[in-house]
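Input: a single structure, listed below in structure tokens.
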Amino acid sequence: MSLNMKTLTQAFAKTAAVIEKTVQTTVQEVTGPRPLQDYDLLDQVGSGGPGLAWKLYSARSRTGSGPQQYPTVCVWVLDKRALSEARTRAGLSKAAEDAFLDVVRADAARLVRIRHPGVVHVVQALDESKNAMAMVTEPLFASVANVLGEVDNVVKVPKELKGMKMGLLEIKHGLLQVAETLDFLHNNARLIHRDISPEEYDVEDSVLPLQPSLNYTSPELVHNKPTASGCSSDIFSFGCLAYHLIARKPLLDCHNNVKMYMNSLTYLSHEAFSSIPSELTSDLRRMLSVDENARPAALDFTGSPFFREDTRLRALRFLDHMLERDNMQKTEFLKSLSDMWKEFDSRVLRYKVRLMMSRDEDEELAS
């Protein structure tokens, strides 16, 4: 009987590939997803994503080979076992859990493809083992939900989050960044967010939130009505988020009850907007219109009087686009900034001004 060397070689190669994959899988199940092998977790900084299911950790590369612009990163960890236990306690099906994890996988894959300053930068893509999922992004302070006092899935609340309240300057700056990011998603990436809430930039009262919280959902989505583009639904959700940040309470606090939601929306009173600055009220009411065709586009919101005549805000906006400025513009800006230091609180200086300036310096050194 003749020996077919080509067939034998192919068989050996196939067997080797199977063995290698088996070894990799075995190692992964013991050590966890790749990010947990490559990074040392330091402290938990918060939680985020749908249902605050992700734990967010500051972390540092074990080999020192991480991205130069990020001395530390944020490692997102999702414990599948804890999720499964929560699903069982809630009496939900395994299919619901699987569907939730599929949503997580799809969102993580989408994050890798989207490149925009307002979309979190993925350093290492999602990897998973039998018991966990993990991915690595640029460093994060926390989720907006954490800042608003929702600290589910945070084992030890960081001292920076305890009793924290965002200042109006931070809120203005954040809202402008969200508006610009939405404009990019709608008009360039051709995507609809459909889940704008404090968790995503979190969603309450459900263990596996495959649907966004009603507190931030547009009426046409609640009623499953066909929409012209879907962009206007995001604007309604954005308006709910803006209201929550400024008023420090949800506009539609309906506990995911449709009847409560409709009553809250139908009987919105003038008093509901008493804690909103007068120069923003008109624009916010348009965003929250029941008529989706009456809502403005995301970029229209940035023209609101609410954002004008704020020199500190203009300074932060310049820093946002620092890399696009020429040296003369940067020099003039730094001269004017020297007289403004005392007008920024310590958190804005640390997480906005100094961080953005250091990134600009890093880019210049690299070029």
Side-chain angles (χ1 to χ4, degrees), residues 32-33 35-36 39-60 70-87 89-90 100 104 120 123 131-171 173-175 177-178 195-209 212-213 215-216 240-250 253 255-256 344-352 354-355:
L36 300 184
Y39 289 86
D40 285 321
L41 303 186
L42 304 176
D43 300 301
Q44 186 179 0
V45 297
S47 56
L52 296 176
W54 289 99
K55 289 183 177 179
L56 311 180
Y57 294 90
S58 61
R60 188 175 288 115
Y70 305 132
T72 61
V73 295
C74 181
V75 174
W76 298 51
V77 181
L78 193 153
D79 187 335
K80 291 183 182 178
R81 290 171 298 186
L83 187 71
S84 184
E85 290 169 4
R87 184 263 303 171
R89 288 195 302 270
F100 175 79
V104 169
V120 66
V123 174
N131 296 319
M133 289 180 167
M135 64 179 179
V136 184
T137 70
E138 63 183 285
L140 300 175
F141 177 77
S143 67
V144 174
N146 297 155
V147 173
L148 291 172
E150 298 174 36
V151 289
D152 295 348
N153 208 20
V154 180
V155 177
K156 182 180 178 181
V157 179
K159 62 180 181 180
E160 293 86 355
L161 281 177
K162 291 179 178 177
M164 176 186 170
K165 289 187 177 180
M166 293 178 70
L168 190 58
L169 176 62
E170 292 175 283
I171 292 171
H173 185 232
L175 291 177
Q177 289 181 317
V178 173
D195 193 12
I196 297 172
S197 67
E199 290 177 353
E200 299 297 332
Y201 269 132
D202 261 4
V203 195
E204 54 202 12
D205 295 330
S206 60
V207 179
L208 303 174
S213 167
N215 286 4
Y216 307 94
C240 291
L241 176 62
Y243 181 97
H244 192 165
L245 289 171
I246 296 169
R248 305 189 190 282
K249 61 181 181 181
D253 195 6
H255 304 284
N256 276 350
F344 294 106
D345 64 39
S346 59
R347 191 168 59 245
V348 171
L349 283 173
R350 179 182 177 186
Y351 290 103
K352 300 291 186 183
R354 291 173 184 166
L355 180 61

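Counting from 1, the numbers follow the sequence of the chain as shown. Being a predicted model, the structure only gives us computed values, none of them experimental.
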Return the CD to NZ distance between E170 and K165, rounded to the nearest 0.5 Å. 13.5 Å
Run the side-chain contact (heavy atoms from CB on, under 4.5 Å) test on V154 and L161 for me, step by step, so that the C-alpha distance in whole Å, both residues' side-chain angles and the decisive distance to 0.1 Å come before the verdict. CA-CA 11 Å; V154 180; L161 281 177; 5.7 Å; no
Where do C74 and L56 come nearest, in terms of heavy atoms and distance? SG-CB, 3.8 Å
Nearest atoms (heavy-atom pairs only) where L42 meets A59: CG-CA, 4.0 Å
Verdict with supporting geometry, D79 and K55, side-chain contact (heavy atoms from CB on, under 4.5 Å): CA-CA 8 Å; D79 187 335; K55 289 183 177 179; 6.0 Å; no
Any donor-acceptor N/O pair, E160 side chain to V45 backbone, under 3.5 Å: no
Heavy-atom nearest pair, K162 first then V157, reads CE-O, 3.3 Å
Could you walk me through whether R87 and F100 pass side-chain contact (heavy atoms from CB on, under 4.5 Å), step by step? CA-CA 11 Å; R87 184 263 303 171; F100 175 79; over 6 Å; no
How close do A134 and P35 get, heavy atom to heavy atom, and via which atoms? O-CG, 3.6 Å
Can you tell if the side chain of N146 reaches within under 4.5 Å of the side chain of F141, non-hydrogen atoms only? no
When you measure from the side chain of S143 to the backbone N and O of S47, does any donor-acceptor pair fall under 3.5 Å? yes
Would you compute the distance between atom OH of Y243 and atom CG of N215 and round it to the nearest 0.5 angstrom? 12.0 Å
Interatomic distance, CG@L78 vs CG@N131, rounded to 0.5 Å, equals 11.5 Å
From E85 CD over to R81 CZ, what is the distance, rounded to the nearest 0.5 angstrom? 8.0 Å
How long is the gap from CG on D40 to OG1 on T72, to the nearest 0.5 Å? 12.5 Å
Looking only at heavy atoms, which two atoms of Q44 and V155 are closest? And how far apart? OE1-N, 3.2 Å
Heavy-atom pair of closest approach, residues W54 and G49: CD1-CA, 4.0 Å
side-chain contact (heavy atoms from CB on, under 4.5 Å) for V123 and T137? Distances and angles first, verdict last. CA-CA 5 Å; V123 174; T137 70; 5.5 Å; no
